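In what follows, a structure is listed as structure tokens, so that the remarks can point back to it.
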Amino acid sequence: LPVAKRAAAIPLSWLAQTLGKGASYAPGTNGMSYVLANEFSVNRLTNDREMYTYFIRQATKLKEHQTGGPSLSWLNQVLTKMRQIKHWPPPSLPCLTFVGEQDEVIGVPEVVRRMKYWRNGELRTFPDGKHDLLSEVPYIRNAVLSAIVNHFEGNKQQRF
């Protein structure tokens with residue numbers, strides 16, 4: 001969330017949760033699946049029209065499995081936890097992180113900042129990628145999947 005929205009979201013979501021309204025949807029969201037509520041041209045998930053169409057088919061056929069917007073309680077829990085762990089040192093585990101530079105769902109600069117200090121971490125960015133890199137255009141999706149397999153293969157002997 002942008003700083004101004006985040007500053008308002010934490011106390012408002014806490015208040016809603018405290019007053020027993022935590023199950024209400026966060027402002028601007030509802031119970032409708034994101035892909036059914038947003039045309040491909042304005043979606044924040046993927047640049048791959050075929051994958052977006054697939055998501056729409058899934059949401060249409062599996063209505064009982066749709067995911068709507070976040071609840072105020074969920075939002076409060078996430079924002080509170082993120083504020084806490086922001087200052088924790090990264091664990092000493094190998095970490096491979098991917099981010100699309102067109103991602104409007106998360107704070108890309110915060111991910112970049114976090115990975116900068118991860119001693120055993122690697123950040124791979126995709127200038128043409130949006131939020132869901134595993135559902136992106138084939139060259140991005142394939143690069144991510146290949147890197148994940150290589151990461152696990154390269155670290156399978158390590159004991160954590």
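All heavy atoms count here, side chains included; hydrogens, waters and symmetry mates do not. Quick caveat: nothing in here was measured; it's all calculated off a predicted structure.
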Joint hydrophobic cluster, [X] plus [Y], side-chain heavy atoms closer than 4.5 Å:
X	Y	answer
Met82	Val99	no
Leu62	Ile56	no
Val105	Phe40	no
Tyr54	Met32	yes
Leu15	Ile10	no

Tyr34: what forms a ring pair (Phe, Tyr, Trp, His ring centres under 6.0 Å) with it, not counting sequence neighbours?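 Scan of Tyr34 (ring pair (Phe, Tyr, Trp, His ring centres under 6.0 Å), adjacent residues dropped) gives none.
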For the student: nearest non-hydrogen atoms of [X] and [Y], plus distance:
X	Y	result
Gly100	Leu133	N-CD1, 3.8 Å
Ile85	Arg114	O-NH1, 3.7 Å
Ser71	Ala23	CB-O, 3.9 Å
Ser92	Asn120	O-ND2, 4.2 Å
Ile148	Phe98	CG1-CE1, 3.7 Å
Leu45	Asn43	N-OD1, 2.7 Å

Is there a donor-acceptor pair closer than 3.5 Å between any side-chain N or O of [X] and the backbone N or O of [Y]?
X	Y	answer
Thr29	Tyr25	no
Asn47	Asp128	yes
Trp118	Leu93	yes
Gln17	Leu72	no
Ser135	Met51	no
Thr18	Trp14	yes

Does a sphere of radius 6.0 Å around CD in Gln58 hold more than 12 heavy atoms from other residues, nucleotides or ligands, not counting ones at 6.0 Å or beyond?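 Count over threshold, so yes.
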Considering residues, nucleotides and ligands other than Glu39, do more than 12 of their heavy atoms fall under 6.0 Å from its CD?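 Open.
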Rounded distance (nearest 0.5 Å) linking atom CG of Leu75 with atom OG1 of Thr80: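 Going from CG on Leu75 over to OG1 on Thr80, the span is 8.5 Å.
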Rounded to the nearest 0.5 Å, what separation is found between the CG atom of Asn150 and the CG atom of Leu145?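 The distance works out to 11.0 Å.
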With side chain to side chain contact (heavy atoms under 4.5 Å, CB included) as the test, would you mind laying out the steps for Met115 and Cys95 before giving the verdict? CA-CA 9 Å; Met115 291 307 297; Cys95 177; 4.0 Å; yes
Walk me through it: do Thr46 and Glu136 pass the test side chain to side chain contact (heavy atoms under 4.5 Å, CB included)? CA-CA 5 Å; Thr46 180; Glu136 260 299 354; 3.6 Å; yes
How would you list, by chain and number, every residue that makes a side chain to side chain contact (heavy atoms under 4.5 Å, CB included) with Glu101, sequence neighbours excluded?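 By the side chain to side chain contact (heavy atoms under 4.5 Å, CB included) rule, Glu101 matches Thr125, Pro127.
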Might you work through the side chain to side chain contact (heavy atoms under 4.5 Å, CB included) test for His131 and Ile106, ending with a clear yes or no? CA-CA 8 Å; His131 180 67; Ile106 63 163; 3.7 Å; yes
After noting the C-alpha distance and the side-chain angles of Asn38 and Tyr52, does the key distance pass the side chain to side chain contact (heavy atoms under 4.5 Å, CB included) rule? CA-CA 10 Å; Asn38 295 277; Tyr52 202 73; 3.6 Å; yes
Decide whether Lys63 and Gln66 meet the rule of one side-chain donor and one side-chain acceptor closer than 3.5 Å.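 No, because no side-chain N or O of Lys63 sits under 3.5 Å from a partner of the opposite role on Gln66.
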Is any side-chain heavy atom of Asp48 closer than 4.5 Å to a side-chain heavy atom of Pro138?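 A side-chain contact exists here, since the closest heavy-atom pair is under 4.5 Å.
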